[in-house]
Amino acid sequence: MSNTDLERATITGADLGGYEVERALAATFASRKTADPAECAPAMQAVGASSGFAATARTARIIVPKEHQPGAYMTLSSHSPGQAKQVLDALRTAAERCKTFRDILADFDYEAVQLRPDPGYGDESLSLRLTQLASFEGDEPVRVPYVVVAVRQGATVAMFTNFKRPNGPNDREPADVPSEIIKAQLNKLSKLAAAK
């Protein structure tokens, strides 16, 4: 899918009542983020809605709720069909093998990596939850829950990420991506594919 097609297939505020959709910068190159251990890199890259695979086209959006509900950061990436499958395979493998890892660049630790039951979107999908330990100059680390939902529809990979600001040290509520955001995006992607 070309960049023009991908832009046409990306949701706008008109497709999603109750949210504002803002354009974000997206590059087509593979993410260079590295993790320790290295095999956890796909999970690390997915937190930023990216992967270790270059895309032929990629677009990004920040989806902001108008009310008090979760939003999301989203990327759509166009790949060759085989490579689109590899993106999800690599992420699934990393999520299964890695329970903890470190983001070498940002010097943050992640723990409690959990591959969730398949959410059942698109041709294949997966969801994972993890907790970022954000520490600043010797303070007690703040535990920030993250969620990643990755969906392959044909040769396009949609990645949705979100985090939740904890309300106090005992807040254990997980992060979430509202299903209406995911469904609206996949619906628009399907319509464009059907029209081609």
- Stepwise side-chain contact (heavy atoms from CB on, under 4.5 Å) check, Q69 with E180: CA-CA 12 Å; Q69 69 214 56; E180 67 247 37; 4.0 Å; yes
- Task: Please step through side-chain contact (heavy atoms from CB on, under 4.5 Å) for the pair S125 and R152, ending with a clear verdict.
- Result: CA-CA 6 Å; S125 60; R152 181 182 65 79; over 6 Å; no
- List the steps and the verdict of side-chain contact (heavy atoms from CB on, under 4.5 Å) for L126 and L88. CA-CA 8 Å; L126 63 92; L88 266 74; 4.2 Å; yes
- Steps toward side-chain contact (heavy atoms from CB on, under 4.5 Å) verdict (I11, M74): CA-CA 10 Å; I11 50 172; M74 176 192 82; 4.3 Å; yes
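V142 and Y146 end up in the same hydrophobic cluster when Ile, Leu, Val, Met, Phe, Trp and Tyr side chains are linked at under 4.5 Å. Cluster membership check: V113 shares its hydrophobic cluster with F163, using side-chain heavy-atom separations under 4.5 Å among Ile, Leu, Val, Met, Phe, Trp and Tyr. Under a hydrophobic-cluster definition in which Ile, Leu, Val, Met, Phe, Trp and Tyr are linked whenever side-chain heavy atoms come within less than 4.5 Å, directly or via other members, L130 and L133 are assigned to different clusters.
A heavy-atom distance below 4.5 Å is not found between the side chains of L186 and K183. With contacts defined as side-chain heavy-atom distances shorter than 4.5 Å, the pair T131/V144 does not qualify. Taking the side chain as every heavy atom from C-beta outward, L16 and I181 approach each other to under 4.5 Å. For the pair L6 and T156, the minimum side-chain heavy-atom distance is below 4.5 Å. Taking the side chain as every heavy atom from C-beta outward, M159 and V87 approach each other to under 4.5 Å. For the pair V157 and H79, the minimum side-chain heavy-atom distance is below 4.5 Å.
Among I182, L115, V147, V148, the one residue that satisfies the side chain to side chain contact (heavy atoms under 4.5 Å, CB included) test with S127 is V147. Paired with E111 under the rule side-chain hydrogen bond (donor to acceptor under 3.5 Å, both in side chains), one option of R102, R143, K99 passes, and it is R143.
There is a side-chain donor-acceptor pair under 3.5 Å between R58 and S77. In this structure, a donor-acceptor pair under 3.5 Å is absent between the side chains of T59 and N3. Judged by distance alone, the side chains of D15 and T12 do bring a donor and an acceptor atom under 3.5 Å apart.
For residues 15-54, no pair satisfies ring-ring contact (aromatic ring centres under 6.0 Å, His included), with sequence neighbours left out.
Distance CE/M44 to OG/S50: 10.5 Å, rounded to 0.5 Å. One distance of note links NZ of K33 with SG of C40; it measures 14.5 Å at 0.5 Å rounding. In this structure, OG1 on T93 lies 11.0 Å from CD on Q86, to the nearest 0.5 angstrom.
Between A9 and Q185 the shortest heavy-atom distance is O-NE2, 2.7 Å. Of all the heavy atoms in Y73 and L25, the pair that sits closest is OH-O, 3.9 Å. Taking every heavy atom of both residues into account, P145 and A175 meet most closely at O-CB, 3.4 Å. Taking both residues in full, the closest heavy atoms of V149 and P119 are given as CG1-CG, 4.4 Å, listed atom of the first, atom of the second, then distance. Across every non-hydrogen atom of S190 and Q153, the tightest pair is OG-NE2, 2.7 Å. The two residues S31 and Q45 come nearest to each other via the heavy atoms OG-CG, 3.3 Å.
Remark: E20 does not engage R61 in a salt bridge, criterion side-chain N to carboxylate O under 4.0 Å.
The backbone N or O of D176 lies less than 3.5 Å from a partner atom in the side chain of N162, making a donor-acceptor pair. Distance alone, capped at 3.5 Å, places no donor-acceptor pair between the Q132 side chain and the D109 backbone.
At most 12 heavy atoms of other shown residues, nucleotides or ligands fall within 6.0 angstrom of atom CG in L105.
Remark: F101 engages Y110 in a ring-ring contact (aromatic ring centres under 6.0 Å, His included) (not counting sequence neighbours).
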